[in-house]
Structures are given as structure tokens and as C-alpha cells.
Number of protein chains: 2
Amino acid sequence: MDINELARRGGVSVATVSRALNGRPEVSPATRDRIRALADELGYAPNASARALASRRSGLVGLLWDTDYRSGGRQHPFLQEVLVGLKEAVNEHGQGLILLPIAPDDDPDGYVRLARQYTLDGVVLMGVDECTPSVAGLLSGALPCVALDLAVGGPRSASVSSDNVGGARAAVRHLVAQGHRRIATVTGPTDLKPAAERYAGFRRELARHHLPCPDSYVVAGDFYADSGAAAMRRLLALPEPPTAVFVAGDAMAIAAVQAAQQDGWSVPGDVAVVGFDDIDAAGLLRPGLTTVAQDYHRFGTTAVGLLAELAAAPPDRASRTVVLPTALVVRASSVRTPLEEEATP
Amino acid sequence: MDINELARRGGVSVATVSRALNGRPEVSPATRDRIRALADELGYAPNASARALASRRSGLVGLLWDTDYRSGGRQHPFLQEVLVGLKEAVNEHGQGLILLPIAPDDDPDGYVRLARQYTLDGVVLMGVDECTPSVAGLLSGALPCVALDLAVGGPRSASVSSDNVGGARAAVRHLVAQGHRRIATVTGPTDLKPAAERYAGFRRELARHHLPCPDSYVVAGDFYADSGAAAMRRLLALPEPPTAVFVAGDAMAIAAVQAAQQDGWSVPGDVAVVGFDDIDAAGLLRPGLTTVAQDYHRFGTTAVGLLAELAAAPPDRASRTVVLPTALVVRASSVRTPLEEEATP
DNA sequence: CTGTTAGCGCTTTCAC
DNA sequence: GTGAAAGCGCTAACAG
């Protein structure tokens, strides 16, 4: 069942069939509908390869996701939701999503070649280092690229990230509203953009409330659990320990809560904790972890929208960044009496 | 830079280039190497669409993953690792991985059409219901299909799953070794294969030790956290509560541990708990959750191997199932004195 | 509005 | 061992 067969049975030419199926304006509504009806009555599906070959567009979006990047996979607790959003959006656009293999780091056009090979419409990047020659090579080309949680520059690129600053500020604001004045933070590796921004938001909100932030109240972590536990212990060992801690990632935050509890402190009684990310475990713990949630699903849909935008726009536009709102999820780790929550807003 | 250009520069015909690049035996080793060297010197990448169109094989494996299936995504905590394994294996085979859109449930050849459209080499199914007409239609066709964690039958299908029975038995054996005699279980929905098998393994191992299993010691859950908490409360309210519980999924197990603690019981002091899956949170909790780990990465690699096997085999072979070993990860939730672990094996 | 036709870039007989 | 040539199934000029 190919386009010729369809044309024959429909009593029209293949050109007309093609036009009807692609919704071209030149075809009359009557024949368009007739052909379309016939097509799905016969279960016709256009061959994607033939279509791509002839039109020089595959309708495929490549996902560049470096699974080797740091400790191999578990560091993107949200990948799954991003992927779902991406997939749904891509399909809604009538496109397909293909997972790209990893190109050698040092080959500046490993990915460019892959993109050409599949005639990709665009590429979505996540969990990659934009400075790697292979990635930089891709970004500097004319192919639409959208990076997640990563600021990139390039003739046809954009990025989407969460409002890390705003999320951190909301966390601090919440802690201040709970009556805390001695608020510390455990940061992520501040060479990573999200970590740097969360830290900046933390400082800014603290300043807005004229609260001090001694150096000893800032402990660097690495987003992994162990560093969170260690950081919390260091904070609680201070002569004047904080009464609240904003931890820049949930894995660290959870470990921090448990380290505190293990050392005999009560959470939130002695020390309140707020995390960032809203990973699954945050809701499974007791006390539940108050945390800043990101809209992972929207990452995907936004990325696909940007890709389409980039494809249409002139090639040399300034790189755009879309910032997605975050939401504070209040659980027990930061609220003395959960029930008071609603009573005293 | 296409095959013609390459042929011209190499002073040979396109046919020879094609043969050289595809490692065909007819071409002389000398020209083969020469052409290949030239190809990657010039950064030539064969156009995937043209290749697929001419050869009727795309080198693409489709991933059928129903993101709508029950509560939308979070129920596959291990998807990410499976995906990484899948991707790596697929790429090693020189293939690509494409995420298939969801076809309407009631269309028996929605997926068949998709597969034809992309000229797929095969399809990997995960998190889908094999009874859905659309999925059943795909399975009954001649396209190689491999299902994960799902027993499927079809002229060219196979499945891969974890040794759920063995894992459950290992869990029970461990509890018995810890001195427990009153061992209960919280099951998953036993209409799902993994849940049924874990339950079967539980019973079998209990029987092997001549331990009783009263009906009240078997509580049905649904793999979600809430059901785990409820089940645990029911067990602990029994006149003679169990001293150990095997919970068929980590999300339930974690909630069970916390419910017990919240009600004033000590884990593992009063009741030991062993879960299944080894999700991230299992290691983040205190006490850490003893659990049965699956080799998710290997799911992917095994699936790809099976796909290749199916493509080569005669179309009507009996459907094969590969069972992957599981591993018990002992943490604090099942061991009275963690340090004794090594001392008293 | 519709049909004819020339490719898209590759693989694959079939000759040599 | 190599080359010539005929498609693979579709899109996109170009005519009409």
C-alpha cells in the first residue's frame, strides 16, 4: 500500500494524494477529504524515509542526553518527566523523537554529522557539557538547538530552565515567615548554573530581609547525598547553629535531615529544612521534605515550541532563554505544627 | 557530501563505495580501507533516509512506552536505567532508538502502521498492557517485538523480566536467616506478572522452611505508597503481628516502614522490612531499606540482543523469555545490629 | 485545482 | 572485484 496504489484507487495522481495528505492549500477540500478518508480506510501510512528523502526534512527531533556524564544516569531524577513532556509535544507537532548516540567528545562535528545523517529538524540537549568540542560544534551550526538547564549561545539555539533564583527566594521567604532568622544554605557545585542561581536567590532574599549570612552558614555540596549529610553536621556543630537550612538539592536535603535526626536533633523542631527539585523520595519521607518543585513536563513542551520557533526564525537571532516558574511544596520538614500552616498564612 | 561525491573523489563507482562502507565481502580489502579512510576524512555520513528507502531497513528500534498507563510516568522508577541500557545496546548494534507515539488503544494496527511508516527493525515494549487491541495487533504481526516485564506471545516476540520468584525467595531466606519465623507480605496487584511472581516466591520459600503463612499475613497492595502504609498498619494490629514483612515494591515498603515508626514501632527492632526494586529512595532513608535490586541496565541490552535474534530466526518460533538475576541489597531495615552482619553470616 | 515528471541519496541486481 | 542502471516511495517544480 503505497502512494501510487492510493492514487490509483482514488482516481487521482500521486501529486494530488501527496498534497491532500499534507494539507496543502492547492488541493480542493472535496478531494482532500475524499483522499484522506480513503487513506485511513486502507490503513495507508506514508513511508517516513521516502518522505524525508524527498523533502529533506525528517520530522525527527534528536535528543542529546549524555548518559555518561557524571555517575551515569541517576543524577537526573527528573529525566523521565522531561522525556514524557518532550515526547508528547513532539508527537503533537507530528514529529518523532530519536535518542542520539554519544559522539566522541573531541570530534567537533560528530553531532553535526549525526544530525545530517538523520536529517533532524532540531536537537534537544540535556545533561551535557556545552564546552565539549562535539557539543560546541553542534551549537555553532545552523541546526535548531534547545538546551535544558544550560545557557547556550549559538546562531540558532535557545535554552529553557527553571526559575532557580525565584525558587530559592521562595524557600527563604517561607523560612522567614516561619520565624527563622538564622538561615544557612548547602549549595550545589556553583560552577553549574542551577546551583549558582539557587545560591544567588538565597543571598538575595536574605538581604531583602536584612538577615545576616556569615560565611560559616554557606557550605558547598555536590548535589549528592553524602555531601548533604556532611554539610548539615558542620552547620549543627557551629557555636551558633542555624535554625533553618535551605539545601539546594533534594538528595542532599534528605541526607541532611537524616544526619540531623541521627545526631539527636529534631526536624523541624531544632532545625527546619527546605530542599529543591521535589524528587519522589521527598514525599515518601517522614517528615516530608518541603521543597521547590520544578515543572519538568513543561520543560519538554517548551523545548519543542522553541525548536519550531528557531526553525522559522532568521538564523542569527540572539539566543533566547525561557525561564519556567517553580512552586514551593510545603511539607513537614519546615513547619513546626503542620496544622498551623493554614491558620496563620 | 554525498555518495556520488565520495565515489568521484575516490575514483570508483557509487556501488563500490556502498559496498565498502557496508563491509560487503565482494569488495577488495584494499579499496574498502581506502574508501573508508576517505569517507571519514571527508566527514561523510550516509543519509539514513536514503539508506532505509533503498534497503527497506531503517536500523531503527522503536520504543513503545505508554506514558499514560496508570498515574502517568512515575510508576517506572527504573525507566531511566532501562533506557540507558537500551540506548547503549542499540547504538552498539549501529541502530537508532526512536520513541513511538501512542496509538489509539482500539486500533489493532495503529502500531503496525507506525512500524511500517518508520520501517522499524523491531519494537521494545514497556509499561504497556498486552491485551490492548493496538498492542496485541503489533505482537501478532511479523515484526520482532520484545516486551519488558511482560509475558507476551506472538510469532516473533520474546520477553525479558527479572527473576521475581528468586528475588522474593532471597528476601525471605534472608529474613529467616535473621531468625524470623512470623513473616508476612504485602503484595502488588497480583494480576500483574511481577506481583504474582513475587508472591509465589514468597510462599514457596516460606514453605521450604516449613513456616506458616496465615491468610492474615498476606495483604494486597497496589505498588503505591499509601497502600503500603495501610497494609503495615493492618499487619501490626493483628493479635500476633509478624516480626518481618516482605513488601513487594519499594514505594510501599518505604511507606510501610514509616507508618510503623510513626505508630511507635521500631524498624528493624520490632519489625524487619524488605522491599523490592531498589529505587533511589531506598538508600536515602534511615534505616536504609533492605531490598531486591533488579539489573535495569541489562534489561535494555538483553532486549536488543533478543531483537536481533528474532530478526534472524524463522518467524514462528516459540516465544522466548529471558529471566535476569536479581540481587538482595542488605541495609538496616532488616538487620538488628548492622555490625553483626559480617560477624554472623 | 490537477497531472507529469524529475529527482532526493542510497542499495542492489545484473553485466562485465 | 567493479561499474551501470534501475528503482525504493515520496515531494516539488512545472505545466496545464
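Any value given below was found using the heavy atoms of this structure, including those in side chains, with hydrogens, waters and symmetry copies removed. Proteins come first, then strands; the chains are lettered A, B, ... in the order of their sequence lines, and each starts at number 1.
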- Task: Please step through side chain to side chain contact (heavy atoms under 4.5 Å, CB included) for the pair A:L83 and B:W65, ending with a clear verdict.
- Result: CA-CA 11 Å; A:L83 211 53; B:W65 162 42; 4.0 Å; yes
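- Between the C1' atom of D:dC10 and the CE atom of A:M1 lies a distance of 14 Å, rounded to the nearest Å.
- Interatomic distance, B:S134 OG to B:D105 CG, rounded to the nearest 0.5 Å: 5.0 Å.
- Both B:G11 and A:V14 sit near DNA chain D, but only B:G11 has its closest nucleotide nearer the 5' end.
- Annotation: proximity of residues 27-35 of chain A to DNA chain D (heavy atom, distance under 4.0 Å) is found for no residue.
- Each of B:L150, B:D149, B:T302, B:T301 was checked for a side-chain contact (heavy atoms from CB on, under 4.5 Å) with B:V160, and the lone residue meeting it is B:T302.
- For A:R116, the side chain to side chain contact (heavy atoms under 4.5 Å, CB included) test picks out A:R113, B:A45, with sequence neighbours left out.
- Residue order along DNA chain C, read from the 5' end via each residue's closest nucleotide, puts A:P25 first among A:P25 and B:I3.
- Remark: B:R32 pairs with no residue by the salt bridge (Lys or Arg N to Asp or Glu O under 4.0 Å) rule, at least two apart or across chains.
- For the pair A:N22 and A:R36, the tightest heavy-atom approach, listed with the atom from each and the gap, is C-NH2, 4.3 Å.
- Using a 4.0 Å heavy-atom cutoff across all strands shown, B:V12 reaches sugar-phosphate atoms only and no base atom.
- From the 5' end on, the contacts that DNA chain C makes with chain B at under 4.0 Å to a non-hydrogen atom open and close at C:dG9 to C:dT13.
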Review item, side-chain donor-acceptor pairs of residues 91-103 of chain B, under 3.5 Å, at least two apart:
unit_1 : atom_1 : unit_2 : atom_2 : d
B:N91  : ND2    : B:K87  : O      : 3.2
B:Q95  : NE2    : B:D121 : OD2    : 3.0

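- Taking atom CZ of residue A:R19 and atom P of nucleotide D:dC14, one finds them 14 Å apart after rounding to whole Å.
- Contacts of A:R116 with the nucleic acid, taken as non-hydrogen atoms under 4.0 Å apart, are absent.
- Of the possible polar contacts, one joining the A:S28 side chain to the A:T31 backbone as a donor-acceptor pair under 3.5 Å is found.
- In this structure, the side chain of A:S58 engages the main chain of A:T119 through a donor-acceptor pair within 3.5 Å.
- Of the possible polar contacts, none joining the A:R320 side chain to the A:A158 backbone as a donor-acceptor pair under 3.5 Å is found.
- Contact check of residues 36-57 of chain B against DNA chain D (heavy atom, cut-off under 4.0 Å) returns B:L53, B:A54, B:R56.
- As rounded to whole Å, 17 Å separates atom P of D:dG9 from atom CG of A:N22.
- Listed for the B:S319 side chain is a donor-acceptor partner under 3.5 Å among the backbone atoms of B:S157.
- Atoms CD (A:E26) and C1' (D:dA12) sit 10 Å apart, rounded to a whole Å.
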